[in-house]
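Below, read A as the first sequence line, B as the second, and so on, with proteins coming before strands; counting in each chain starts at 1.
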Amino acid sequence: MPDSRFKIMTSAATSGPGDAGRTGSWRVERPVIDYSRCTPARTGRHACHLCWFYCPDVAVSKTIEPQFDLDYCKGCGICAEECPVGAITMVAEETFAEGGADE
Amino acid sequence: MSNKCIDSGNNAAAHAARLAGVEVVAAYPITPQTPLTEKLSEWVASGEMDAEYVAVESEHSALGVCIGAASAGVRAFTATSANGLLYMSEQLHWAAGARLPLVMCVVNRGVGAPWSVWNDHQDAMSQRDTGWIQLFVKDHQEIVDVTIKAFRLAEAVHIPVMVNYDGYYLSHTYMPFELPDAEAVRAFLPPYVYKHALDPQRPENLNSVTLPDARRDAGGVLRGGYMDIRHNLQQEMHQALAVWEEIDADYRQRFGRGGAPVLEAYRLEDAEFVVVAMGTLANQFRDVVDRLRQEDGIRVGVLAVQVYRPFPARQLAEALQAARGVMVFEKGLSYGHQGALFADVKSALYPWPARPVLRNFIVGIGGREIPTNELCRNLKQACGQDELPPEVADTPNWIGLQL
Amino acid sequence: MEDTTSMIQIRWHGRGGQGAITAAKVVAKAAFASGYGGVVMAPTFGTERRGAPVSTSLKIARETIHDLSPIREPDIVVVLDHLILNEVDVTVGLKPGGLLVINSPHPPSRHRQKDFRVAVANVARIGEEAGLRKGIVNSGIIGVLGRASGLLAIDRLAEYIAEEFADRRPEQNVRAARLAFEATEICEPEGGAHA
Amino acid sequence: MSDTPKTTVLSLTEEEFVHPGNRACSGCSMGLLYRIGAKALGRDCIFVVPPSCMTVMQGLYPVSASQFPIFNCTFASTAAVATGVRAAMKRLGRTTQVVAWAGDGGTSDIGIQALSGALERGEDIIYICYDNEAYMNTGVQRSGTTPCSSLTTTTPFTGKAQAAKDVPAIVAAHNPTFVATCSASYPLDFHDKLLRAKQMRGLKYFHIQTPCPPGWGCEERLTIKIGRMAVESGLFVLYEIENGVKRLSEPSARLLKKGRRPVRDYLKLQVRFRHMSDEQIAALQAQVDARWDDYREAFADD
């Protein structure tokens, strides 16, 4: 039984997002979705959701209109590559007036 | 009810682990440790001991299994010797850094090359900086009592404890000892708790990469970096000595044995000269001291170092303040320097006003016989040599060389 | 009973697997039960191999024994197999007037020594007579040692033989010890009996 | 083969066990593998992880990017520590799944002794080797599973001269409960094999090809495609061995009937193979063709 007089410091980390900060700042290109082509958005029904499925960074929602979490999206472009209807385009960050996610 | 018996030191250690309620045992055979864990495997197989016995593929894995079990909230135990201990070395550091309350018996043996299965202390000495508490015992009764107390110490301070006993001299030798009653041990040793036990209900990521600097956690609280964590280990290693004394006092009250858990003095009250030694060698010196007192009228005593890490520097210096000469006899050394214990004793005395003459003797390396007569002769001679040139006095003397 | 202040040192010679350690253990336990507080039984330190000559040391004293080093000057030497006499100088260090206990088919006169008492019994044959498997001599030799040394009572020894061999023909082992006790022949030193 | 209904993207749980903002490289397929694998494992499990990309991805103290209890262990002791955790769970009467998650170096090289021991003892754990085919966490050094010809920092200029160790075959030689090969590009195949493995006692071993953009020298957006090409070309084969019986998994089994993509398609997208000559590529293609000739015989009934 641990003695209360001892602090017993260890490396015991607790769970939380953003260990690497707002990784959206890593992004060079931003995914932009054209809802008029996106199958769930166009049909109003859950369908492919491959953008959600293949995102390694938990940064796409599984919603009728898929949303990107730009705070954390690293801009890898897998979603654009895997979208079966080509609804997602990767657009250079510098074209956005506001810039990317802030760190 | 207690139980007197005559058995080997390895079986004494096995009894202690069983009485301590060890639930996971993992071990790899190595002489002279093997009979200890063989005995545990026998008890587990026969149902006399309710535990998991894992016959692993290496010592590295033996401690690995214990590390896993201890991290998951179960009392674990292993034992090894010599090269087996060295093969575990990385895991020793890991267990200490993770503050795992493990207990391991090390049956001390010379380290290869060349191969030697016989006793010396080089194995434990070489692992003194791993962050483990290192205890040395002198007979079978101490193997039993100290091992049981070691579990309580490890679990109280969350620092792993290594119980060292001499290969063959104790491991394979039969001697009388008393086993405490199982119920009484249960009352003495509370159920095992690891502060950060792996638990899906309370998930923590243990021993993850830790940065040089302090950093805020997910809740915004500032947590120490690697250096702060290591500093805490150093501080609490030192604090552990007082806890060890408390535990010993409690054990003594319950079982009637103990009383000198850190340093054990023999005929030190009026001693002009003091022998410092560890393990069975310290006991052998009781006979030497008795003889020198009786036959030569030399006032000499023995101080057995029972806790080697954390090093009890202050207690040792206090015990040696009145001595004119201190002779450190040991079975291991820091190659290229001198006896490791000697260097420690010397540094412990440095800040204090009285500085006795110090001599260093290396004995019994790789099981070379240590005749009591030889110890008498060398000690007697050393007691008459106050005025050696510093570099001579500071050079270790090897006793019993044959070439 | 002998001098109770000093230590009695017994060195056992046998072959790996012959049971010298077990015999020494039985005597150690019997001695402890008879009031000897210091009992240390240490097998040869090292790598033992079946069939090779091995030795075991047993120290017995009234008080706790602190010196765990091997016996150099035994009071008693026990030899479980007389053929070992051809391979090993078993009497090395044996104190003058000391006791040599031998399992041998030969009469004691064949083993007569200048400075030592010699106790002999054909323990191997006795063991078979007692119902033991061929080659079991470690229980019988205890009887010879008990008789020749007078160190411990045969009943006490029998008690611990029965305990040690509880699952290996305890009655036959005890019988072997008692028969060997009776059959023991003692040959005094050529130079006459020492004190 | 299996009674478990096939999970689809639509039926896959939305619950996440990994936090965004972790330290995985952009486009890391291991991040995806972990994320989808976690959904199959569920909350009641404990991870044991040796040094690897996973160590970094799971977070630097005091932040954990994962919602699982994790024990980070020494490099060589993953399977041993997992054994200890499992033994503890048994003592505590818990059914908590113990999952060892190690890289290819941690499995095929430094960790193979402990893995072999755990296999021989039949420890009741899931052992996952994500194979990105080199020591990626330390900067792309060759490992036992680095394929022949692959450039790494310790096999510069002409690439690795030796073939990769066949780790799943080494594992299978121990006759464990279950051996499966998977690809990070087929996360649902992994997911459903994990669901089945969770129901089994004994050691369940997964060997998963995990494309690594920085290590392989490929575009991040192509990570999934490249892994798929490895399978479609027949170069990396998805199979499972249960009770000693080996079967091709569906993405590979379908190659028995339809044509395979040329291995060249897979190789040309990666810098690590760019130096390969036409002869070398042809030789590799011939090797793969020969293997599939064997498969056609072996799995004729499937």
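Counting heavy-atom pairs closer than 4.5 Å to chain B, the top-ranked of the candidates A/A12, A/G18, A/S11 is A/S11. Contact count versus chain A (heavy atoms, under 4.5 Å) is highest, among B/A218, B/A156, B/P191, B/G97, for B/A156. When each of B/H231, B/E204, B/E236 is scored by its heavy-atom pairs under 4.5 Å with chain A, the top score falls to B/E236. Note on A/I8, A/D19, A/T14, A/D3: by heavy-atom pairs under 4.5 Å with chain B, the leading option is A/I8. When each of B/N232, B/N207, B/L206, B/V193 is scored by its heavy-atom pairs under 4.5 Å with chain A, the top score falls to B/N232. The greatest number of non-hydrogen atom pairs below 4.5 Å with chain B, out of A/A13, A/P17, A/G16, A/S15, is found for A/A13. Top candidate by heavy-atom pairs under 4.5 Å with chain A, chosen from B/E155, B/Q235, B/R223, is B/E155.
Among A/P66, A/P40, A/C38, the single residue meeting the side chain to side chain contact (heavy atoms under 4.5 Å, CB included) criterion with A/C48 is A/P40. B/Q91 pairs in a side chain to side chain contact (heavy atoms under 4.5 Å, CB included) with only one of the listed residues (B/L102, B/L63, B/T130), which is B/L63.
Counting heavy-atom neighbours within 6.0 Å of A/K7 NZ, excluding the residue itself, gives a total of 12 or less. Counting heavy atoms of neighbouring residues, nucleotides and ligands inside a 6.0 Å radius, atom CZ of A/R45 does not exceed 12 of them.
Formation of a donor-acceptor pair under 3.5 Å by the B/Y251 side chain with backbone atoms of B/G259 is not found in this model. Between the B/T78 side chain and the B/M104 main chain, no donor and acceptor come within less than 3.5 Å of each other.
When heavy atoms are compared at a cutoff of 4.5 Å, B/R215 approaches chain A solely by way of its side chain, counted from C-beta outward. When heavy atoms are compared at a cutoff of 4.5 Å, B/T210 approaches chain A solely by way of its side chain, counted from C-beta outward.
Seen from the ring of A/F68, A/R30 does not count as a face-on cation partner, given the 6.0 Å and 45° thresholds.
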